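A quick write-up on the structure given underneath.
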Amino acid sequence: MTVLTRRAMKWSKMMQKSTAVEKGIKVKRYIRKGIPDEHRPHVWMMVSGAQAQMETNPGYYHSVLLEGQKNTKLVDAVVTDLNRTFPDNVKFRKNASPCLQLTLHNVLVAYGQHNKTVGYCQGMNFITGILILVTKDEEKAFWLLDALLGRILPDYYSPEMMGLKTDQEVLGVLVKMKIPAVAELIDRHDVMWTLLVSRWFICLFIDVLPIETVLRIWDCLFYEGSKILFRVALTLIKQYQAYILEAKNFPDVCDKFKDITKGKFVTECHLFMQRIFTEPGNLSKSTIERLREQRRAQLLSQE
């Protein structure tokens, strides 16, 4: 019996007992080992709080979608990016049946109307596309997007993108603490972290790492929160430290950071996921929050 079959059976057994996914050591361990495809939509909905939001607000999604469709500025911004979303995936092509472009359009317009501070921002199309592919349900994709952007990711997609800028800086501090030779190299060549890792954070590793690995990262992201993104980034940098340190100049550093997201290490998702929980060492929520406060204050003082 394969590892995946055994794992799927364990999940099915647990889900038969109760469809409520209670947070606890056992569930955390199961999630870190990967949620089987057939259970992924339900588990994401439960552990993220999206299910509770959806049940508390029946009919809300459809009403906010109708409102959003009247907002021409929002609709135009969304439409501009539709053809750029997973152009290689046949399900997102205009002539597909059913065409997921329409579903994508609806979820993004509804969310832009729901969260007027964010509206629509590039990067959200890819995240929503994955949510639609996983859930195969427009309304669930909307509530998962709300969970990610409203609660799990701190202020990544507001017009100022303060949360995103802050977390890139926090990663820089963590690299200095845990992989000082790489931090020194980046300082020496005067490379800004945003040039190296902004796509990692803004797309949550979509189109950066293989899709199977991305889904495994998201399993943990919905359950454990945004610190998982730092674990992934630190593991990549640590694994390829010697290779990165070969960089001779600014463009070299940028190229090396593109290269480290390809190859065998990231495609073997089971091994990769094991490593993200061991390689970076201890990474507490309180440390992340403290560094976020410090960096955010620094960024605001520079404005």
Side-chain angles (χ1 to χ4, degrees), residues 35 37-46 48-153 156-159 199 202-212 214-215 217-219 221-222:
I35 305 168
D37 292 347
E38 65 268 32
H39 296 303
R40 189 168 265 136
H42 178 72
V43 176
W44 281 9
M45 288 293 290
M46 294 300 288
S48 65
Q51 186 69 32
Q53 285 294 320
M54 187 169 84
E55 286 170 9
T56 314
N57 299 284
Y60 178 78
Y61 169 70
H62 296 288
S63 66
V64 86
L65 173 60
L66 283 172
E67 278 302 303
Q69 282 165 342
K70 297 173 197 162
N71 182 339
T72 48
K73 195 179 167 192
L74 171 64
V75 170
D76 289 349
V78 167
V79 167
T80 306
D81 269 0
L82 287 182
N83 288 326
R84 299 179 197 155
T85 311
F86 302 125
D88 299 333
N89 188 316
V90 290
K91 291 177 182 176
F92 282 97
R93 289 189 187 148
K94 274 182 181 165
N95 55 0
S97 177
C99 176
L100 292 186
Q101 264 201 18
L102 176 63
T103 313
L104 180 66
H105 172 274
N106 287 352
V107 176
L108 289 170
V109 167
Y111 188 80
Q113 184 66 24
H114 161 70
N115 186 343
K116 293 193 180 82
T117 315
V118 169
Y120 173 72
C121 170
Q122 276 189 323
M124 284 165 59
N125 52 327
F126 288 104
I127 289 166
T128 307
I130 294 286
L131 294 174
I132 289 166
L133 287 169
V134 169
T135 60
K136 301 177 178 63
D137 184 299
E138 202 172 298
E139 190 175 2
K140 285 180 180 175
F142 169 81
W143 287 111
L144 281 170
L145 186 65
D146 177 56
L148 270 176
L149 273 54
R151 297 189 293 282
I152 295 169
L153 303 169
Y156 272 29
Y157 299 92
S158 64
R199 271 191 74 232
I202 204 160
C203 291
L204 307 177
F205 295 100
I206 302 166
D207 271 2
V208 174
L209 297 176
I211 186 60
E212 196 49 52
V214 171
L215 291 174
I217 292 165
W218 283 29
D219 289 345
L221 178 66
F222 279 115

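Keep in mind it's a predicted model, so treat the numbers as computed, not measured.
Here the closest non-hydrogen pair linking Gln122 and Asp81 is CG-OD2, 3.2 Å. Nearest heavy atom pair, residue Arg93 against residue Cys99, reads O-SG, 3.3 Å. Scanning both residues, Cys203 and Ile127, for their nearest heavy atoms gives O-CG1, 4.5 Å. Nearest heavy-atom pair across His105 and Val79 is CD2-CG2, 3.9 Å. Nearest heavy-atom pair across Ile152 and Ser48 is CD1-CB, 4.4 Å. The minimum heavy-atom distance between Lys136 and Leu133, with the atom names listed, is NZ-O, 3.4 Å.
Atom CG of Leu131 and atom CG of Asp146 lie 11.0 Å apart (nearest 0.5 Å). To the nearest 0.5 Å, atom OG1 of residue Thr103 and atom CD1 of residue Ile132 are 5.5 Å apart. Atom CE of residue Met124 and atom CG of residue Leu149 lie 5.5 Å apart, to the nearest 0.5 angstrom. Rounded to the nearest 0.5 angstrom, Phe126 CZ and Leu104 CG are separated by 10.0 Å. Interatomic distance, Leu74 CG to Lys116 NZ, rounded to the nearest 0.5 Å: 10.0 Å. Within the model, atoms CG of Asp207 and CD1 of Ile130 stand 8.0 Å from one another, a figure rounded to the nearest 0.5 Å.
More than 12 heavy-atom neighbours from other residues, nucleotides or ligands sit within 6.0 angstrom of CD on Glu38.
Put simply, the side chain of Leu66 does not reach to within 4.5 Å of the side chain of Gln113, judged on heavy atoms. Contact of the Leu100 side chain with the Thr85 side chain is not registered, since no non-hydrogen atoms from C-beta on lie closer than 4.5 Å. Proximity of Leu204 to Ile217: side-chain heavy atoms (C-beta onward) are nowhere separated by under 4.5 Å.
Ring planes of Phe142 and His114: perpendicular class, angle over 60° (limits at 30 and 60°).
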Practice problem: Take Tyr157 and Leu148 through the test side-chain contact (heavy atoms from CB on, under 4.5 Å) and record every step on the way to the result. | Solution: CA-CA 11 Å; Tyr157 299 92; Leu148 270 176; over 6 Å; no
Quiz prompt | side-chain contact (heavy atoms from CB on, under 4.5 Å) evaluation trace for Asn106 with Gln69 | solution = CA-CA 8 Å; Asn106 287 352; Gln69 282 165 342; 3.9 Å; yes
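Trp143 pairs with exactly one of Trp44, Phe222, Tyr60 by the ring-ring contact (aromatic ring centres under 6.0 Å, His included) rule, that one being Tyr60. Applying side chain to side chain donor-acceptor pair (under 3.5 Å) to Tyr61 and the options Glu138, Glu139, Lys140 leaves one that passes, Glu138.
The backbone N or O of Gly123 sits less than 3.5 Å from a side-chain atom of Asn125, completing a donor-acceptor pair.
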